[in-house]
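All chains are named by letter (A, B, ...) in the order of the sequence lines, taking the proteins before the strands, and each is independently numbered beginning at 1.
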Amino acid sequence: MSESNQDFVRQIITADCAAGKHDGRVHTRFPPEPNGYLHIGHAKSICLNFGIAQEFGGKCNLRFDDTNPEKEDVEYVECIKEDVRWLGFDWEDRLFFASDYFQQLFDWAVKLVEKGKAYVDSQSVEEIRKGRGMGGSPGVESPYRDRSSDENLDLLMRMKAGEFEEGSHVLRAKIDMAAENLLLRDPVLYRIRKVAHHRTGEAWCIYPTYDWAHGQSDSIENITHSVCTLEFVNHRPLYDWCLEELEVFHPQQIEFARLNINHMVMSKRKLLQMVEAGHVSGWDDPRMPTLIGMRRRGFTPAAIRKFCEHIGVAKFNGVHEMSLLEFVLREDLNKCSERRMAVVDPIKVTLSNYPEGKSEDLEAINNPGDESAGKRMVPFSRQLYIERADFMEDPPKKYFRLAPGREVRLRYAYFITCQEVIKDDAGEVVEIICSYDPATRGGDAPDGRKVKGTIHWVSAAHAVTAEVREYDHLFNDPNPDSGEDGKTFLDHINPDSLRTRRDCQLEPSLENATPGQPYQFERLGYFCVDSADSAPGRLVFNRTVGLRDSWAKKQKK
RNA sequence: UUCGGCAUGGUGUAAUUGGUAGCACGACAGAUUCUGGUUCUGUUAGUCAAGGUUCAAGUCCUUGUGCCGAAACCA
């Protein structure tokens, strides 16, 4: 990457290195709270932090910001580690927890008290909030603000010893109750919580707040650039204040805009609502923007990395279009997916002049863009399935597929011509009778005649049956969170975001498809075996993303 | 309300820090094609507004407007 085309974060780091700051050392960290599942927004942060480390020859730590025992759980720790690994990043031996620093953090709090820069406040939550005041006028100082250093120390020790009830005391920094930045009006550093922590157990009953833990954790790990999202801009003065008062290594906090994608919601709280209300099957529902959900859907780590590269990093809080995510996905899948034929909405075709009982194997190319993917044989016989959408009794102009009297090519097989249509009592087409031209075996006519359409097919006698799940946006509105017309994101849920097709007919080689392997079903899209619901006798495929479909687009107009 | 951040085609993101507004996605059109896929080519459209400084402003200054964030014993 040339220096002039770097994003603003990398520009800062480049300048720091050039200036010899930290002797040119670059060390970042990805600091998730283990209170939920990672989503594509976190992937942006992961790619940024680990990516910067790679590019600048530095390191990136994985640190769990686990300072709130009420919300966190080890279950999430393991999932998050797996997600980061899956995305392709390695923290090597640098797996850390803020809870590992609880003792150091406490010692530093003592130091602050001794310096007269922190005090124990015995007001209630409400009193503290009221005292902080509103922007525009200064807050009022706590009546406990001027306790002596000794008294503060005594109270802090007894807080730690568990002598007090939750909510009776907190430790506050003594900064400035008139500060324009409300976060500087004596922020809370420690609160009493008589709750077991998922890692430290019963060892502590006071826990540091984010503001007291985060910067110091960065400092302990010698992080040079502490990259976080925009909502922490207001915290930076406090981040800096703590480090300066403690006279410890001082990382630089840099804030960037979090990721938003249209037709999607990204907050943990809202995603949790989707799960709890049953709008999705769980955190790993293939429609969810969670990394586990996207993995199950068939996204590749490379596509997500590419996406993060494409969207860039800035301070503008915009909304990206889903089409970019789909573009990078198709781009990656197109390269690595073997082609197969599958009929998702089957209609029967009988070839009147093809001998009964006969079958033959025809050669098909696995990936036209990659010769090394080789070829495979596909069985052919008198009775086939084709896609219902590939036949129309009364076709519009520019329709290239099968219709009465029309000739099309069956991919890698023969030219066929529609002779007759059989309908049921309801007038629904149930079978199409065609003739085939034996001279076109393989798909080319010796007389050089052309057909406009090529369609996919599956031999009825050889097909395997499967369920195929097709997904669409979870929300109809591109900006479900806008709050317009008093609607919430739940009012914009797309009722048709999942379409299950039960009697799909697949070419037999798909019987042994394994999870994790992407396939392109020709003319339909990219698919993968569902890792949760598919079983040997009961195949289930997910449509990761459809192929671009310019015919469908033309039809809409 | 106060404080803070941000503003470039439909969307997102660049512009050697004052010197030809570029890239990607999308949309549209065409070429190629045994996938209406892929690939290739072309078209489209932008500096929030008003002043100012300057030979020259997306970039600097002033004012305004709009959007976002914060005012948790969450992170």
Side-chain angles (χ1 to χ4, degrees), chain A residues 2-7 11 31-33 35 65-68 70-72 121 124-125 128-129 132-137 139 166-167 169-172 179-185 187-193 206-207 209-211 213-214 228-237 255 257 262 268 309-328 330-331 334-335 339 341 364-365 367-369 398-401 409-413 415 440 442-444 450-456 478 520-525 546-555:
Chain A
S2 72
E3 285 186 19
S4 60
N5 272 7
Q6 291 178 325
D7 57 69
Q11 280 176 17
E33 184 188 12
N35 70 343
D65 225 334
D66 55 349
T67 56
N68 185 357
E70 290 174 316
K71 294 185 176 177
E72 296 151 8
D121 196 352
S124 66
V125 190
I128 290 177
R129 189 183 307 141
R132 187 151 35 228
M134 290 268 287
S137 55
E166 287 187 12
H169 305 279
V170 291
L171 183 73
R172 287 230 255 170
E180 284 173 336
N181 182 342
L182 291 277
L183 288 165
L184 259 19
R185 320 249 260 223
V188 171
L189 269 27
Y190 271 97
R191 69 285 213 195
I192 300 171
R193 283 289 173 279
I206 59 172
Y207 292 95
T209 58
Y210 167 86
D211 285 309
H214 199 85
C228 64
T229 44
L230 244 29
E231 63 268 30
F232 293 101
V233 172
N234 298 297
H235 293 248
R236 185 167 8 104
E255 312 86 7
N262 63 15
K268 277 184 198 172
E309 201 179 295
H310 264 79
I311 58 178
V313 181
K315 299 181 88 153
F316 175 71
N317 222 317
V319 183
H320 290 266
E321 289 183 339
M322 186 80 88
S323 61
L324 178 62
L325 184 58
E326 292 175 348
F327 169 79
V328 294
R330 291 192 188 105
E331 186 181 49
N334 180 48
K335 280 182 291 189
R339 316 286 124 127
M341 289 199 282
I365 292 165
N367 188 342
K398 297 285 187 71
Y399 185 84
F400 301 153
R401 286 110 95 148
R409 169 166 40 232
L410 294 177
R411 177 139 230 230
Y412 299 126
F415 286 11
T440 58
D444 285 303
K450 301 285 183 203
V451 287
K452 269 186 286 191
T454 298
I455 64 176
H456 59 278
Q520 186 198 99
F521 291 177
E522 297 232 15
R523 304 209 305 133
L524 296 178
L547 251 29
R548 277 184 59 206
D549 189 346
S550 49
W551 167 242
K553 213 182 290 174
K554 200 171 284 183
Q555 269 183 312

>> Going by purine N1 to pyrimidine N3 plus the second Watson-Crick contact, or the G-U wobble pair, all under 3.5 Å, which nucleotide sits opposite B:A72?
In response: none

> Between B:A56 and B:G19, how far is it from one C1' atom to the other, in whole Å?
Replying inline: 7 Å

> Is there a Watson-Crick or G-U wobble partner for B:U39 with both distances under 3.5 Å, and if so, which one is it?
Replying inline: B:A31

> Which base, if any, makes a Watson-Crick or G-U wobble pair with B:G9, both distances under 3.5 Å?
Replying inline: none

>> Between A:N317 and A:R236, which residue's closest nucleotide on RNA chain B lies nearer the 5′ terminus?
In response: A:R236

> Is any side-chain N or O of A:R548 under 3.5 Å from a base N or O of B:U38, one able to act as donor and the other as acceptor?
Replying inline: no

> Where does B:U17 land, syn or anti, once you apply the within-90°-of-0 test for syn?
Replying inline: syn

> Does A:R330 make a side-chain donor-acceptor contact with the base of B:G37, cut-off 3.5 Å?
Replying inline: no

>> At less than 3.5 Å, do the side-chain atoms of A:E522 and the base atoms of B:G37 form a donor-acceptor pair?
In response: no

> Who pairs with A:Y399 by ring pair (Phe, Tyr, Trp, His ring centres under 6.0 Å), at least two apart in sequence or on another chain?
Replying inline: A:W551

> Across all strands, who's sitting opposite B:U53 as a Watson-Crick or G-U wobble pair, both distances under 3.5 Å?
Replying inline: none

> Any N or O donor-acceptor pair linking the side chain of A:H320 to the base of B:A24 at under 3.5 Å?
Replying inline: no

